[in-house]
Amino acid sequence: MSLEQWLRNGWLQPFEATVAGIQKGFQVVDRDISDAQVHGLSSDGRFQHAYDAALQLTIIALKASGYVVKKGQGHHKRSIDSLRYTLGAPWSTVADHIERCSRLRGQVVYDEIGVVSDEEATDLLDAAKQLRSDVMDWLKMHHSVLLPPGL
């Protein structure tokens, strides 16, 4: 499978990324990473913010690659899965981890409280921070024209 096949399947649509758009995406990521570190926030809240940061990073990589997920097409799942094709196969384990966290996130947001431990929230936050660094390095190597100034 490839992003081109996803496009043919109707799961994606072409997208023209801009420096400003990528910069806004990183601003969202940085806000969510910062919010996930607020002292006194519940584990569920920290987890939600860390998840949002990780998801946004998958979307940034997909946009930089020239695509967005069509609305109503399992936006979160497809964005997360796309990491295997944007950054590459070595990030499959990261995509799998974020996907597992996505299922927990659904419980946190819609079903119950106290689902996530402090360790799980910290683990996802650490993964989001590492993914931010990985996406930045990937942009530098493959899409340097989209790098916002100062990032």
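Counting from 1, the numbers follow the sequence of the chain as shown. Keep in mind that the numbers below use all heavy atoms, side chains included, and drop hydrogens, waters and symmetry copies.
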Counting only N and O atoms by type, is there a donor-acceptor contact under 3.5 Å from the side chain of [X] to the main-chain atoms of [Y]?
X	Y	answer
Arg84	Ser92	yes
Trp91	Thr86	no
Thr122	Asp118	yes
Gln5	Ser2	no

Determine the minimum heavy-atom distance between [X] and [Y], stating which atoms define it.
X	Y	result
Leu12	Leu3	CD1-O, 3.6 Å
Ile33	Ala53	CG1-CB, 3.8 Å
Leu125	Ala36	CD1-CB, 3.8 Å
Thr58	Leu131	CG2-CD2, 4.4 Å
Ala127	His97	CB-CD2, 4.0 Å
Ile59	Ser79	CG1-OG, 3.7 Å

Subject >> Distance-only side-chain donor-acceptor flag, Ser117 / Glu120, under 3.5 Å >> reply: yes
Original post:
Without hydrogens or angle criteria, can the side chains of Asp52 and Gln56 be said to hold a donor-acceptor pair below 3.5 Å?
Top reply: no
Report yes if the side chains of [X] and [Y] come closer than 4.5 Å at any heavy-atom pair, otherwise no.
X	Y	result
Leu124	Tyr51	yes
Leu7	Pro14	yes
Val94	Leu87	no
Lys63	Val68	yes
Asp32	Val28	yes
Thr18	Ile22	no
Leu55	Ile80	yes
Gln48	Val116	no

Subject >> Stepwise side-chain contact (heavy atoms from CB on, under 4.5 Å) test for Trp138 and Ile60 >> reply: CA-CA 11 Å; Trp138 174 80; Ile60 288 169; over 6 Å; no
Separation between [atom1] of [X] and [atom2] of [Y], rounded to the nearest 0.5 Å:
X	Y	atom1	atom2	value
Leu41	Phe47	CG	CZ	13.0 Å
Trp11	Met1	CH2	CE	4.5 Å
Met136	Leu57	CE	CG	9.0 Å
His49	Ser34	NE2	OG	9.5 Å

**OP:** Go through Ser65 and His143 one step at a time and tell me if the side-chain contact (heavy atoms from CB on, under 4.5 Å) criterion holds.
**Re:** CA-CA 8 Å; Ser65 296; His143 300 282; 4.3 Å; yes
I'd like to know if [X] and [Y] make a salt bridge, using a cut-off of under 4.0 Å between side-chain N and carboxylate O.
X	Y	value
Arg46	Asp35	no
Lys129	Asp30	no
Asp81	Lys77	yes

**OP:** Tell me, with the steps shown, if Phe15 and Leu62 meet side-chain contact (heavy atoms from CB on, under 4.5 Å).
**Re:** CA-CA 9 Å; Phe15 182 82; Leu62 189 58; over 6 Å; no
Subject >> Cluster check Phe26, Val145: I/L/V/M/F/W/Y, side chain < 4.5 angstrom >> reply: yes
Original post:
Would the Tyr67 and Trp6 ring centres measure less than 6.0 Å apart?
Top reply: no
